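Chain naming here is simple, since letters A, B, ... match the order of the sequence lines and numbering starts at 1 in each. These numbers were taken from a predicted model, which means no experiment stands behind them.
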Amino acid sequence: ANGQQDKPVRELPPGPAYDSAIQPADSGQVSPIQKSETPIRIAVLGLENNPFWIPVREGAIAAGKELADYNATIDWIVPVGDSHTADVFGSAIDAAIAQEYDAIATIAGDSGIIPYVERAVAAGIPVATFNVETDEPSSRLFFVGADLYRQGLAAGKAVADHYKSKGISNPKIAVMTGFFSVEGHELRRKGFEESLMKEIPGAVIVGRVETLDKDDNGYQLASDFIVSNPDLNGFYSAAGGSVGCAKAVEDNKLGGKVDVFCYDFMDQVMEYVKKGVIVGTIGQQPFAQGHDPAVRLFNYLVAGEVPEAGRMLTQSDFVTKENMSQFGDW
Amino acid sequence: MVSENAYVETEKITILSRIKNTTLPGESGVFAALMVMCIIMSIASPYFLKTVNIFNIMRNMSTIGIMAIGMTMIIVTGGIDLSVGSQMAVAGMIMARMLQNGFPIVPSLIIGFGMGLLTGFFNGFMISRLKVTPFIVTLGMLSIARGMTVFFATGTKGVGVASNITVKDPFVNFVGGGYIGPIPFPVIIMFVLVFIFSYFLKNTVLGRQIYAIGSNEEAARLTGVNVDRVKVLTYTFMGFLCALSGIISAGLLSTAATNIGTGTELDVVAAVVIGGASLSGGRGSIAGSIIGAAIMAVLRNSFVLLKMPGYMQTISIGAIIILAVTIDTLRQRKQ
Amino acid sequence: MVSENAYVETEKITILSRIKNTTLPGESGVFAALMVMCIIMSIASPYFLKTVNIFNIMRNMSTIGIMAIGMTMIIVTGGIDLSVGSQMAVAGMIMARMLQNGFPIVPSLIIGFGMGLLTGFFNGFMISRLKVTPFIVTLGMLSIARGMTVFFATGTKGVGVASNITVKDPFVNFVGGGYIGPIPFPVIIMFVLVFIFSYFLKNTVLGRQIYAIGSNEEAARLTGVNVDRVKVLTYTFMGFLCALSGIISAGLLSTAATNIGTGTELDVVAAVVIGGASLSGGRGSIAGSIIGAAIMAVLRNSFVLLKMPGYMQTISIGAIIILAVTIDTLRQRKQ
Amino acid sequence: MNTDTEVLVECSGVFKQFGGLQALNDVQLDIRRGEVHALVGENGAGKSTLIKILGGIYKRDKGTILYQGKNVKYESPLEAIRDGIAIIHQELSVLLYMNVIENIFMGRMISKNGILQWKEMEELSRKAMDLVGLKIDPYCELSYLSISQRQMIEIARALSIDAKLIIMDEPNSSLSEGETEKLFNVIRNLVKRGISILYVSHKMEEVLEISNRITVFKDGRYSGTSKTNEVTVDDIIQMMVGRELERHYEEGLFSDEVVLEIDHLSGGVFKDISFKLRKGEILGLSGLVGAGRSEICRAIFAADKHDEGCIYLHGKKKNFKNPGDAIRAGLAMVPEDRKNLSLFLEMPIQFNMNMANYPILAKRGIINYSKAKGEAENYIEKLSIKLRKKEDPVKSLSGGNQQKTVLSRWLATNPDVLILDEPTHGVDIGAKAEIYKLMRTLTGQGISIILISSELPEIIAMSDRVAILHEGNLAKILNREEVSEETIMSYATGIRGAAV
Ligand SMILES: Nc1ncnc2c1ncn2[C@@H]1O[C@H](COP(=O)(O)OP(=O)(O)OP(=O)(O)O)[C@@H](O)[C@H]1O
Ligand SMILES: Nc1ncnc2c1ncn2[C@@H]1O[C@H](COP(=O)(O)OP(=O)(O)OP(=O)(O)O)[C@@H](O)[C@H]1O
Ligand SMILES: [Mg+2]
Ligand SMILES: [Mg+2]
């Protein structure tokens with residue numbers, strides 16, 4: 001009864017296997033195939049609440065410029081509310097359906113978005129997810145982004161390798177997450193802890209706290225950990241607050257002794273990477289996350305081209321002082 | 001003696017003010033604000049007035065609207081409940097966990113509602129019997145219930161990690177995401193509750209006692225109102241409505257999320273205050289609160305329809321809330 | 001005619017009340033709670049009483065403590081300010097943006113503080129002149145100032161997305177992160193302000209007028225207190241303190257972050273209420289509020305020192321806030 | 001100085017409207033230097049409204065007010081105070097959680113370089129309190145004081161202002177006779193120093209005693225000014241109400257059946273109180289300020305807990321847990337502090353009238369509004385409550401009409417025992433007579449009344465017996481024949497019967 005469309009429902013080829021995953025070679029560089037006869041409108045539902053999204057939005061806008069010549073427009077829409085919760089993005093999807101977009105790309109921060117995705121697909125609007133999506137399957141066509149759990153595993157492996165190379169067999173690590181109540185943060189933490197323990201069974205986790213994604217909390221909690229664990233070896237920061245954490249390490253003149261591991265390539269993070277306070281940060285090709293969903297959706301609409309796999313994973317590059325120049329000029 | 005003429009004039013004025021009075025005294029101002037917003041939006045976007053969109057807006061406001069019913073009562077008594085978002089989350093989560101662990105729907109629902117009643121009762125008990133200020137009790141509960149939500153969500157996928165729980169029960173999914181005709185079911189629940197409890201507040205002894213307490217607690221006590229009992233009831237009822245909202249949300253999203261309802265307390269309180277209630281108690285109406293919730297829902301919807309940049313949304317939602325209430329305040333002062 | 005005897009008795013009653021008044025009426029109970037927590041912590045963890053840890057705790061509470069000074073005044077007048085976190089953010093951000101755009105430190109600071117004064121003044125103006133309820137005005141400002149923060153943070157890196165701004169000014173870094181001897185500079189700022197404004201509230205005309213307004217606004221007006229002006233001043237001063245906190249935070253972290261201060265309003269209000277202030281006005285003290293802020297800071301510190309599991313952290317922060325205030329309430333009722 | 005003719009204030013053609021209600025309609029008033037000018041009129045006649053206009057609290061719609069020859073239009077109370085106009089308002093407006101000094105000096109606190117001079121203000125506060133015979137620690141918070149003490153503080157504040165005109169709007173409504181006498185002495189001294197007093201009261205004896213001239217308002221209009229020594233009480237009443245009032249009090253006819261028995265009740269300030277209340281009887285409770293009359297009644301009504309002793313109703317021992325229990329058992333109480341203990345200020349008048357009675361007006365919890373409305377209308381007529389419409393908030397009523405609203409709330413519950421704590425507080429003379437008549441009608445119907453009043457004439461006229469309290473002890477119960485002002489005062493002050 002809901003989501004009735006005035007336009008006829010488009011005939012579309014079936015999507016790829018849901019759980020199949022690859023890291024595509026053309027990640028971030030996928031290009032449109034052919035011009036569309038009728039104008040095509042694609043909504044990209046993103047966020048702007050922190051600097052992580054800068055390159056994502058750049059990607060979406062770049063896609064818009066490329067597709068302009070192919071008779072398509074890309075609208076970058078930020079739903080109200082600072083978070084990627086289902087109620088925020090769900091209502092944005094509903095609104096996009098009501099506005100008769102031809103395709104929707106959305107962040108799928110928690111599984112609550114699934115019913116909205118189903119509604120869109122039922123209305124003949126293909127949906128791509130990007131940045132995050134949860135384990136729970138939906139009828140979305142494909143996903144572009146990092147697998148958070150795998151990102152956690154990667155971090156655990158990288159941290160373990162780091163301490164092995166330093167000859168420390170029982171590193172003491174403090175774990176900071178954004179929110180205990182955000183599933184994505186918990187997935188990263190889970191992956192990290194599992195793989196760390198597997199790689200270095202002697203590792204000790206001296207505490208798990210939440211920063212509420214804020215740097216001042218990161219600073220405070222890191223200071224507290226430093227005081228109460230004089231033999232601390234490192235911090236793992238699963239979400240926001242990494243910069244505050246690194247600043248606390250720096251202020252206590254523990255750079256090189258207490259190592260910080262975190263995610264993403266914000267300016268401030270990269271500064272600490274340069275200084276060696278942040279030993280490594282794990283990226284996820286944010287530009288591709290903004291760019292690829294729109295272009296791949298367009299190709300699907302005009303040429304019926306189906307992505308190779310359900311999960312088009314971006315690369316979880318482990319960026320350190322040594323290799324950082326390959327990933328941008330910081 | 002006052003002259004005949006003066007009488008006539010007075011009569012005229014009172015009839016006028018009577019008309020004003022019967023048509024929603026506190027509410028007419030915000031209702032006008034809502035209407036203005038709707039008119040502007042229907043000009044600005046061709047999609048706004050589509051049936052789907054209107055029902056989307058209503059569904060999106062339904063959990064806030066349902067909780068606003070209880071919040072209206074609490075605010076009318078002069079209290080506040082900051083824990084509604086967390087209460088909602090924990091009730092939905094415990095129900096989902098029960099279902100996931102293989103319990104049938106009925107006991108799961110009973111435990112879910114029971115959790116809401118329990119957290120609400122705890123608030124009411126601390127506030128009325130131990131006389132701890134509502135702000136502190138419910139701020140504490142905001143944290144406690146959120147912690148409990150995480151606790152109930154922990155361990156379902158791997159040790160010591162919280163995760164959202166999928167809800168696949170057809171009844172719950174219908175309650176949250178079903179339709180009757182074109183109308184989403186939660187919208188129907190909301191309106192039914194609004195009518196029942198508007199009537200309740202106006203026409204029952206208990207309803208009137210709620211206003212008496214907020215207007216002058218000591219006088220209410222001396223007039224025979226069992227103040228403590230009434231307060232416990234309102235907070236417990238709030239807990240019940242939170243549980244209902246939590247279950248609706250879990251049904252709609254097919255998920256009980258650990259972070260559902262964060263920050264919702266400010267939305268619900270804002271809806272009630274925009275709707276004309278006074279935080280010092282004694283004034284407020286459910287109709288007004290629903291209008292308040294609708295204003296915020298229309299606002300959110302229109303940002304998406306108008307593709308407004310992020311920071312402009314944040315700025316304008318603040319500005320419009322202030323504006324709506326300012327106009328209403330000035331209008332009331334003039335009278 | 002009243003007998004001599006009656007005089008003596010009255011004198012007795014009143015002397016009793018005077019003793020209660022002067023020996024920190026609201027504060028002694030929460031102070032005891034803080035001490036108990038500290039004693040438990042010093043037994044539970046060998047690190048708790050280390051000088052570094054104590055100063056860490058103090059630095060951690062300094063921005064909340066500084067804002068609690070202004071919040072105490074506002075709550076004493078019977079108002080509330082929900083926008084403190086956002087005001088803090090926007091002031092810090094605009095200063096950082098000025099510095100980044102190459103302006104010298106002095107004009108950048110002036111603009112930063114000016115922004116705080118402006119947002120605070122806007123709150124005060126709407127509340128006192130237009131009589132809009134403080135909850136709504138400052139809830140609106142919570143949104144507006146956050147939107148402005150993002151706006152000022154936007155465009156430094158090309159396309160229209162906000163980014164945190166690095167702050168590398170030595171003066172700002174010293175204000176936020178410097179030390180005098182072993183004492184963090186923000187801690188010194190906090191204590192100096194606490195002493196000045198405790199004295200101010202007790203011993204100046206304006207200070208007493210703030211209490212008079214909260215005690216009985218109408219009576220205060222009738223005795224000639226310029227209620228509107230006093231209110232505008234308190235909210236504007238609050239804006240100033242928020243700006244100071246924003247600058248301290250930017251200095252400490254060397255970053256002006258767009259999300260700094262989110263949720264802080266509840267922390268600041270909680271500190272003030274735990275410290276014995278009444279949200280209906282007339283009661284509260286800066287000393288109490290600082291103790292309230294300290295309780296929360298010690299609690300957060302103890303999570304790390306005691307290695308508490310995640311959900312237990314969330315639950316216990318709520319439980320202890322309620323417990324501290326409950327004990328205090330019961331103690332005061334007994335008297 | 002020719003104080004007789006020099007005019008300080010001259011109001012003429014003053015209009016003021018509230019919503020649809022013309023509160024002031026072309027009124028005039030002139031006050032000369034060094035005179036006591038009384039302003040009288042029925043409840044709602046507009047006395048307080050004019051005073052608030054004089055004090056810069058309300059703005060007039062029309063009219064001129066010449067003060068010291070200048071046409072003044074104050075925008076705020078502060079301007080009026082600075083011009084030397086001090087007001088003691090009808091409704092207590094104290095700062096409850098602040099100390100005596102602050103209550104006296106708020107708005108004009110003494111400071112040097114911005115720092116308050118507590119010592120200096122303490123001294124001045126003591127002096128101001130001395131004027132009214134108060135001896136209270138200046139640092140005492142007002143919430144610890146009784147209502148009458150709070151009212152004395154308000155008077156002290158007005159006196160401490162260096163005023164040319166002091167306006168007293170029922171300044172002694174919570175004061176006992178002794179304190180009132182002291183107030184009159186203060187007034188006489190002020191007048192000698194050339195200060196003018198505008199005095200509002202419903203007590204005609206007082207008005208005749210203290211004033212030089214009297215102005216009467218009726219229904220928001222000016223109805224005349226006369227020299228006090230040229231008029232009688234009846235003349236004034238004639239001007240106020242336009243008819244003669246019958247002013248005789250009937251003898252009560254009560255049976256021997258004991259309705260309420262208080263047995264060795266102790267708690268708060270009162271100790272070991274025992275008395276019996278018979279069916280259809282009015283028992284007066286008399287005593288000085290703070291003697292504990294209100295506390296006893298609050299204990300009976302279960303508004304406060306008592307420490308020892310029992311309460312018997314119809315011979316059955318009762319243990320009320322809260323006022324609700326007491327009400328259901330047939331008790332009713334009109335407390336003394338109308339604003340804080342009785343009224344739901346923002347709520348409609350009808351709500352205020354029905355509130356105690358909703359459980360009776362309801363069937364299975366749902367209120368029968370047509371019955372509720374009928375009941376309210378009945379009492380509005382019976383007590384001739386002056387209002388615009390009963391949906392208005394009760395705060396829009398004049399003080400006296402608010403009191404009648406509270407009375408009707410309790411009468412509607414059909415109580416067996418009615419406790420009236422200062423029931424004619426702020427009620428005009430006509431309404432007072434109506435209330436007295438009503439009390440007699442009630443006792444005629446078998447209702448028993450406990451009457452607390454600080455007005456001795458009222459106690460004497462209305463009581464069948466008078467219980468006198470002295471510092472929390474029951475000093476004596478007098479039968480009607482034994483009652484006189486002198487005997488009551490001698491027991492109340494402890495001169496007689498101190499041995500208990
Ligand atoms: N703020 C107000 N809003 C509406 N009506 C008001 C207001 N103040 C007074 N009135 C009305 O104006 C009329 C005059 O009131 P006022 O208080 O001046 O009477 P009064 O002569 O002082 O009576 P009383 O002896 O009972 O104190 C009354 O009918 C009252 O209901
Ligand atoms: N809240 C309070 N705290 C301390 N003492 C109080 C309080 N309220 C009243 N008292 C004191 O208790 C005594 C008895 O008061 P109560 O009101 O019963 O006296 P009363 O005989 O009714 O006199 P009145 O009502 O004329 O003041 C007074 O001395 C008063 O000062
Ligand atoms: Mg009056
Ligand atoms: Mg009394």
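Chain A forms the most heavy-atom pairs under 4.5 Å with one residue out of C/S249, C/S254, C/A297, and that residue is C/S254. For the set C/T258, C/V52, C/T166, the entry with the most heavy-atom pairs within less than 4.5 Å of chain A is C/T166. For the options A/S228, A/A248, A/S223, A/A174, heavy-atom pairs under 4.5 Å to chain C are most numerous at A/S228. In terms of non-hydrogen atom pairs under 4.5 Å with chain C, the most contact-rich of A/E250, A/K214, A/E210 is A/K214.
Ring to ring, C/F174 and C/F185 are close: their centroids are under 6.0 angstrom apart. Taking the ring centroids of A/F261 and A/Y236, they lie at or beyond the 6.0 Å cut-off.
Between A/Q151 and A/F192, the closest side-chain pair of non-hydrogen atoms is not below 4.5 Å.
Between the side chains of C/N301 and C/N60, no donor-acceptor pair is found at a separation under 3.5 Å.
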field: Residues C/N164, A/Q268; criterion side chain to side chain donor-acceptor pair (under 3.5 Å); working and verdict
entry: CA-CA 8 Å; C/N164 294 348; A/Q268 286 82 7; 4.8 Å; no

- request: Could you go through the salt bridge (charged side-chain N to carboxylate O under 4.0 Å, His left out) check for A/R189 and A/E186 one step at a time?
  value: CA-CA 5 Å; A/R189 184 166 77 81; A/E186 288 285 274; 3.0 Å; yes

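Residue contact with chain C, scored on non-hydrogen atoms closer than 4.5 Å, involves the side chain of A/D251 exclusively. Both the backbone and the side chain of A/F225 come within contact range of chain C, each with at least one heavy atom under 4.5 Å from a heavy atom of that chain. For A/V243, the part sitting under 4.5 Å from any heavy atom of chain C is the side chain, from C-beta outward, and nothing else. Contacts of A/D213 with chain C are made by both backbone and side-chain atoms, with heavy-atom separations under 4.5 Å. Residue C/N259 touches chain A through both its backbone and its side chain, counting heavy-atom pairs closer than 4.5 Å. Neither the backbone nor the side chain of C/S143 comes within contact range of chain A, judged by heavy atoms closer than 4.5 Å.
In summary, C/D267 and C/R300 engage in a salt bridge, as defined by a charged side-chain N under 4.0 Å from a carboxylate O.
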